[in-house]
Amino acid sequence: MPNLKPVFSIEKAHKAQLQLSKFIVFEDRLPKNIHFVGGVDTAYFKDVAISASVVLEFNNLNLVEAQVATRKVAFPYIPTLLSFRELPSTLACIKKLKIMPDIFLVDGQGIAHPYRCGFASHLGVVLGKPTIGVAKSRLTGDIEPFPNRDFTYLKDNNEVVGAALRTPTGKTLYVSVGHMISLETAIKIVRHCTRGSIPEPIRLAHKRATTERRKISKP
DNA sequence: GCGACAG
DNA sequence: ATCTTGTCGC
């Protein structure tokens, strides 16, 4: 058998992200009244990615549906290339949903990425659905001390790429545009969905993925 | 070359 | 992300 050359290089992947970033919509393209909010998260067991997608009613944040999907990971974790690792299993569990939410909250960056195409944006463009990036730590950009608000802009070389939002608990969340939404609306939605240290959609997706993980690890 | 670096 | 028990705090 001839040697199969790697189907990618970090450089090519970055160029692909640069191309993908051109399709990102920074304006609100979601229903005036949001009915359902979605959340996705991924857990791991060895070389298997276990993703979970959940749907909550926007008004009361009650869980109405949850799905899971697993895939062998074909990509290592490389900062800036997270989407290539989590996209397969994430897309799979989203396709199982009977109720398609109006928007998805994704754990990871949106455009707050070196090539303006983090996991949340990549997922949004592929789905053609609104997404918001909600990360627990920063990838790129800097913030200045919090002013008299609960958030401060995240800037990458003077360009606003997102915001650092302080939750009621005191935790800092990095919010950025994923796709089909404005930063202003994204901040409002994340605020609305956050009761503890993390938005409910992501917290529940994380919980569901973790539950599924132990089923696989401890039969 | 050095440091930073989502999950 | 994951490896891990009890423990300090709101």
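Every chain is numbered from 1 and lettered A, B, ... according to where its sequence line falls, protein lines coming before strand lines. Keep in mind the model is a prediction, meaning the values are calculated, not measured.
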Using a strict 4.0 Å threshold on nitrogen-to-oxygen distance, state whether E212(A) and R208(A) make a salt bridge.
yes

Under 3.5 Å, which donor-acceptor pairs link side chains of residues 172-183 of chain A to any protein atom two or more places apart or in another chain?
residue	atom	partner	partner atom	Å
T172(A)	OG1	R166(A)	NH2	3.4
S176(A)	OG	G110(A)	N	2.7
H179(A)	ND1	V25(A)	N	3.1
S182(A)	OG	D28(A)	OD1	3.2
S182(A)	OG	D28(A)	OD2	3.3
S182(A)	OG	T185(A)	N	3.2
S182(A)	OG	T185(A)	OG1	2.9

Taken in chain and number order and not counting sequence neighbours, the residues that satisfy salt bridge (Lys or Arg N to Asp or Glu O under 4.0 Å) with K15(A) are E11(A)

Those residues at least two apart in sequence (or on a different chain) that pass salt bridge (Lys or Arg N to Asp or Glu O under 4.0 Å) with E200(A) are R203(A)

Test Q109(A) against F119(A) for side chain to side chain contact (heavy atoms under 4.5 Å, CB included), laying out the working first.
CA-CA 6 Å; Q109(A) 314 292 346; F119(A) 179 36; over 6 Å; no

Using a cutoff of under 3.5 Å, can you pull out all pairs of nitrogen or oxygen atoms linking the protein to nucleotides 2-9 of chain C, with atom names and distances?
residue	atom	partner	partner atom	Å
dT2(C)	OP1	Y44(A)	N	3.2
dT2(C)	OP1	R213(A)	NE	3.1

Read 5' to 3' with Watson-Crick or G-U pairs under 3.5 Å, [ ] for crossing pairs and | for partners on another strand, DNA chain C gives ..........

So, with a heavy-atom separation below 4.0 Å from DNA chain B, the residues of residues 122-130 of chain A are none

Within a 6.0 Å radius of atom CZ on F26(A), are there more than 12 heavy atoms belonging to other residues, nucleotides or ligands?
yes

*Can a side chain N or O of K46(A) be found less than 4.0 Å away from OP1 or OP2 on dA1(C)?*
no

Report yes if the distance between the aromatic ring centroids of [X] and [Y] is under 6.0 Å, otherwise no.
X	Y	answer
F84(A)	H122(A)	yes
F75(A)	Y77(A)	no
F58(A)	H35(A)	no

With salt bridge (Lys or Arg N to Asp or Glu O under 4.0 Å) as the rule and sequence neighbours excluded, what pairs involving [range] come up?
range	value
residues 67-93 of chain A	D47(A)-K72(A)
residues 114-125 of chain A	R116(A)-D156(A), R116(A)-E159(A)
residues 127-155 of chain A	D150(A)-R191(A)

Review point. Which is true for L173(A) with a 4.0 Å heavy-atom rule: it touches a base, it touches only sugar-phosphate, or it touches nothing?
Key: nothing

Notebook entry, point to check: What is the nucleic acid contact for T169(A), judged by heavy atoms within less than 4.0 Å: base, sugar-phosphate only, or nothing?
Noted result: nothing

Output field dot_bracket for DNA chain B (Watson-Crick or G-U, both distances under 3.5 Å, | for other-strand pairs) contains .......

Residues 194-215 of chain A vs ring-ring contact (aromatic ring centres under 6.0 Å, His included), sequence neighbours excluded, gives none

Interatomic distance, OH@Y153(A) vs CD1@I187(A), rounded to 0.5 Å, equals 5.5 Å

Chain A vs DNA chain B, heavy-atom contacts under 4.0 Å, first-to-last nucleotide span, 5' to 3', is dA4(B) to dG7(B)

Closest non-hydrogen atoms of A209(A) and I50(A), given as atom of the first, atom of the second and distance, are CB-O, 3.7 Å

